[in-house]
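The chains referred to below are lettered A, B, ... by the order of the sequence lines, with proteins before strands, and numbering in each begins at 1. Values in this document were obtained by computation on a predicted structure and should not be read as measured data.
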Number of protein chains: 2
Amino acid sequence: MFSLAEENYLKAIYHLEQEHNGEVSTNAIADRMDTKPSSVTDMVQKLAEKEVLSYKKYKGTLLTPSGRKIAANVIRKHRLWEVFLVEKLNFHWDEVHDIAEQLEHIQSEELVVRLDKFLGHPDFDPHGDPIPDKHGNVKRTEKKLLSECEKNQRGVCVGVKESSGEFLQYLDKRKISIGTKIKVLGKEFFDGSMIIQVGNDQFFISKKIAENLYVQTN
Amino acid sequence: MFSLAEENYLKAIYHLEQEHNGEVSTNAIADRMDTKPSSVTDMVQKLAEKEVLSYKKYKGTLLTPSGRKIAANVIRKHRLWEVFLVEKLNFHWDEVHDIAEQLEHIQSEELVVRLDKFLGHPDFDPHGDPIPDKHGNVKRTEKKLLSECEKNQRGVCVGVKESSGEFLQYLDKRKISIGTKIKVLGKEFFDGSMIIQVGNDQFFISKKIAENLYVQTN
DNA sequence: TAATATTTTTAGCTTAGTCTAAAAATAAGG
DNA sequence: CCTTATTTTTAGACTAAGCTAAAAATATTA
């Protein structure tokens, strides 16, 4: 079993590995976790003992497959709880992170299985991030900004970049939410504005909107 | 803010106060918490500093009103989560304790408010124990065994003592669950058996059944 | 490539919460 | 009411996880 602190280190290293794809430096971990490099060194040595990551002095660390699986499971729980908080308890997308940060450490295999079922086996959390499956595998799909899409491309809304109340209300009014299918009907060169199709409606959106909406294209 | 360990001490002391109604001894706490008396002394002195309980050497402890409120809030969360686990995730009554023991420490006022609402403001947990309100007040209702009821008394089923699969199935078959109203129509002296009314049905139950069913009489 | 800057590690200290062993206070029994 | 038993507290040590300050390794740059 891994302590709360250990799980948080594994999670941070997991995310840093994706971002820089490759070894993760001591300082990068300290930064991310808002702690001191010396503390990181200690913990990383302990985790290396437990064989959830490999570590060579001054060379950075890499998760082992087992470490990666543990981290992915914590992230799975975090994201499932976020779905719960938003879908069932009607929290807003931007209010749930701190609570999920606590809930992700609850230990019970069965709880995760049942929560997942209760939520209808969601693939994405309310921010559009993919939820790893029980084996720690992530559906690596291209998540990109709507503004990066070309004419005639189709995508599914999977999240937002900004999540201010105004923006969410804007989306609400146009019936855009997680899972909404969007097609780009036209795109203007000079200002980046677009005409898109949502359901049976077609409408104009500015570049600013398109730059804050994530879509998943397949 | 109180640490996980502190919250657990407050909760244990709260329960012990009810049971022995009065001061709680160091050994009693150690027993309940599965720890050593010396550890209890340390913690109790720390909590006395924080003014959540009063403590005189060798004399035992008593929660202060503020300590009692904190404890009741932890218990409130524990029981709300138990309702969630049983009602929404379909766990059995006897599987939920360990998970709720973890969930009770999640810190978020708003979460509790919303969870409570989501569950329909329940008054009792799946074991029939009352859920303290947000101010820490508990509906102090007489919870007693059905076997202790007299002829013509009415009560609402609020829990079970034993919770084996067989027993739960027995209750299920007779449509008895939390909230079910029961009236004692007759009681036999020599074997403690009863005739009871449940909805429109009347039937016979043995002493053993009556001794494992908690009812709330008003 | 030598000097300087940056990163990382080590050494030693701190706090929370626990433990054991021994001392002190209280309770019980003859 | 004195002796013994029980309960409680104290003293000192341990572990996990963090910190600071200094030393060591690596990177950068003139």
Side-chain angles (χ1 to χ4, degrees), chain A residues 1-14 16-17 19-20 22-63 67 70-71 74 101-102 104-107, chain B residues 1-14 16-17 19-20 22-63 67 70-71 74 101-102 104-107:
Chain A
M1 214 68 320
F2 288 81
S3 72
L4 196 142
E6 288 171 334
E7 286 193 348
N8 281 333
Y9 272 94
L10 291 173
K11 187 178 53 143
I13 296 167
Y14 180 99
L16 290 166
E17 271 188 13
E19 285 162 29
H20 319 9
E23 262 108 19
V24 177
S25 78
T26 301
N27 267 5
I29 301 171
D31 260 32
R32 163 74 63 128
M33 303 211 35
D34 210 36
T35 183
K36 300 293 163 186
S38 55
S39 307
V40 174
T41 301
D42 284 353
M43 180 57 94
V44 150
Q45 289 177 344
K46 195 173 77 173
L47 291 172
E49 285 288 308
K50 295 195 175 186
E51 307 197 328
V52 288
L53 53 78
S54 62
Y55 163 75
K56 284 253 176 67
K57 275 187 191 175
Y58 298 101
K59 293 292 182 186
T61 61
L62 253 191
L63 295 177
I70 294 165
V74 174
E101 204 78 354
Q102 300 176 61
E104 72 190 6
H105 300 291
I106 302 292
Q107 305 286 166
Chain B
M1 215 64 328
F2 288 81
S3 73
L4 196 143
E6 289 171 334
E7 287 193 348
N8 282 334
Y9 272 94
L10 292 174
K11 186 177 53 143
I13 295 168
Y14 180 98
L16 289 167
E17 270 188 14
E19 286 162 30
H20 320 9
E23 261 109 20
V24 177
S25 78
T26 301
N27 267 6
I29 301 171
D31 260 34
R32 162 76 63 128
M33 304 213 34
D34 210 36
T35 183
K36 300 294 163 186
S38 56
S39 308
V40 174
T41 300
D42 283 354
M43 180 58 94
V44 150
Q45 289 177 344
K46 196 174 77 174
L47 291 173
E49 283 288 308
K50 294 196 176 188
E51 310 198 327
V52 288
L53 53 79
S54 61
Y55 163 73
K56 285 255 173 69
K57 276 188 190 178
Y58 298 102
K59 293 293 183 187
T61 61
L62 253 190
L63 295 178
I70 294 164
V74 174
E101 204 77 354
Q102 300 176 62
E104 72 190 7
H105 301 291
I106 302 294
Q107 306 286 165

May I have the distance from [X] (atom [atom1]) to [N] (atom [atom2]), rounded to whole angstrom?
X	N	atom1	atom2	value
A/K56	D/dT26	NZ	C1'	16 Å
A/Q45	C/dT8	CD	C1'	10 Å
A/M1	D/dA16	CE	P	16 Å
A/I29	C/dT7	CD1	P	14 Å
A/E7	D/dA16	CD	P	16 Å

ask   = So does B/N27 get a side-chain nitrogen or oxygen closer than 4.0 Å to the phosphate oxygens (OP1/OP2) of D/dT8?
value = yes
request  = Under the side chain to side chain donor-acceptor pair (under 3.5 Å) rule, collect the residues that match up with B/Y14, sequence neighbours excluded.
outcome  = B/Q18
query = Can you name the residues that form a side-chain contact (heavy atoms from CB on, under 4.5 Å) with B/S54, not counting sequence neighbours?
reply = B/L62
remark   = Residue set satisfying side-chain contact (heavy atoms from CB on, under 4.5 Å) with B/Q102, at least two apart, ordered chain then number -> A/I106, A/Q107
Letter per nucleotide, 5' to 3', of nucleotides 18-27 of chain C [B base touched, S only sugar-phosphate touched, - untouched; heavy atoms, 4.0 Å] = BBB---BSS-
ask   = For the residue pair A/V74 and A/H105, what are the closest heavy atoms and their distance?
value = CG1-CE1, 4.5 Å
Shortest non-hydrogen separation from A/V24 to A/I13 and the atoms involved = CG2-O, 4.0 Å
task = Extract the stems that DNA chain D is part of, considering only consecutive pairing runs of at least three Watson-Crick or G-U wobble pairs, both distances under 3.5 Å.
result = C:1-30 with D:1-30
For a quick test of your reading: what N or O donor-acceptor pairs under 3.5 Å do the side chains of residues 28-44 of chain B make, sequence neighbours left out?
{"unit_1": "B/R32", "atom_1": "NH2", "unit_2": "B/E19", "atom_2": "OE1", "d": "3.0"}
{"unit_1": "B/R32", "atom_1": "NH2", "unit_2": "B/E19", "atom_2": "OE2", "d": "2.6"}
{"unit_1": "B/T41", "atom_1": "OG1", "unit_2": "B/P37", "atom_2": "O", "d": "3.2"}

request  = Give, for atom CZ of B/F2 and atom CD1 of B/I70, the distance between the pair rounded to the nearest 0.5 Å.
outcome  = 4.0 Å
request  = Only pairs at least two apart or in different chains count here, so list each salt bridge (charged side-chain N to carboxylate O under 4.0 Å, His left out) that has a residue in residues 2-12 of chain A.
outcome  = A/E6-A/K46, A/E6-A/K50, A/K11-A/E101, A/K11-A/E104
